[in-house]
Amino acid sequence: EYSSKRRGSCRAISVSLDLDLIEILRRLRHNSGEPSLSGVVRRLLRERLAEMGLLGEEAKRALGIS
């Protein structure tokens, strides 16, 4: 379960993406004002995990998802 208390324990991973997906992420980054592609990917992943019911209520509230 995701918890904001665990944010300090980040680990790096590498993911290969098609160029069209990278371009979409770049546009999302630009439109949202997010300073990094990693931030965009983290946000999208958290939102999707919340939709799938895999995140706790605290994390859902932090994302504005109920």
Side-chain angles (χ1 to χ4, degrees):
E1 176 177 303
Y2 174 80
S3 170
S4 61
K5 295 176 186 173
R6 291 188 233 166
R7 286 188 184 162
S9 61
C10 293
R11 292 209 165 72
I13 65 168
S14 176
V15 178
S16 297
L17 300 172
D18 294 333
L19 291 176
D20 59 334
L21 293 177
I22 293 170
E23 184 55 35
I24 291 168
L25 291 171
R26 286 182 175 147
R27 282 185 299 209
L28 286 170
R29 180 179 61 104
H30 175 75
N31 293 340
S32 68
E34 175 67 45
S36 69
L37 288 177
S38 294
V40 172
V41 171
R42 280 190 299 270
R43 176 76 182 191
L44 291 171
L45 180 58
R46 283 188 192 118
E47 288 174 352
R48 183 64 179 124
L49 291 173
E51 290 171 2
M52 294 172 66
L54 298 173
L55 293 184
E57 290 303 315
E58 179 184 334
K60 288 180 188 178
R61 281 192 300 275
L63 291 168
I65 300 170
S66 48

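Partners of R43 under the salt bridge (Lys or Arg N to Asp or Glu O under 4.0 Å) rule, at least two apart in sequence or in another chain, are E47. E51 pairs by the salt bridge (Lys or Arg N to Asp or Glu O under 4.0 Å) definition with R48, not counting sequence neighbours. Qualifying side-chain contact (heavy atoms from CB on, under 4.5 Å) partners for L45, counting only residues two or more places apart in sequence or in other chains: L49.
Note that the CG atom of L37 and the CD1 atom of I22 stand 8.0 Å from one another [nearest 0.5 Å].
Between V40 and L28, the closest heavy-atom pair is CG1-CB, 4.0 Å.
The salt bridge (Lys or Arg N to Asp or Glu O under 4.0 Å) pairs that include a residue from residues 31-40 number zero, where partners must be two or more places apart or lie in different chains. A side chain to side chain donor-acceptor pair (under 3.5 Å) check over residues 14-32, counting only residues at least two apart or in different chains, returns nothing.
A 4.5 Å side-chain heavy-atom check between V41 and V15 finds every atom pair outside the cut-off.
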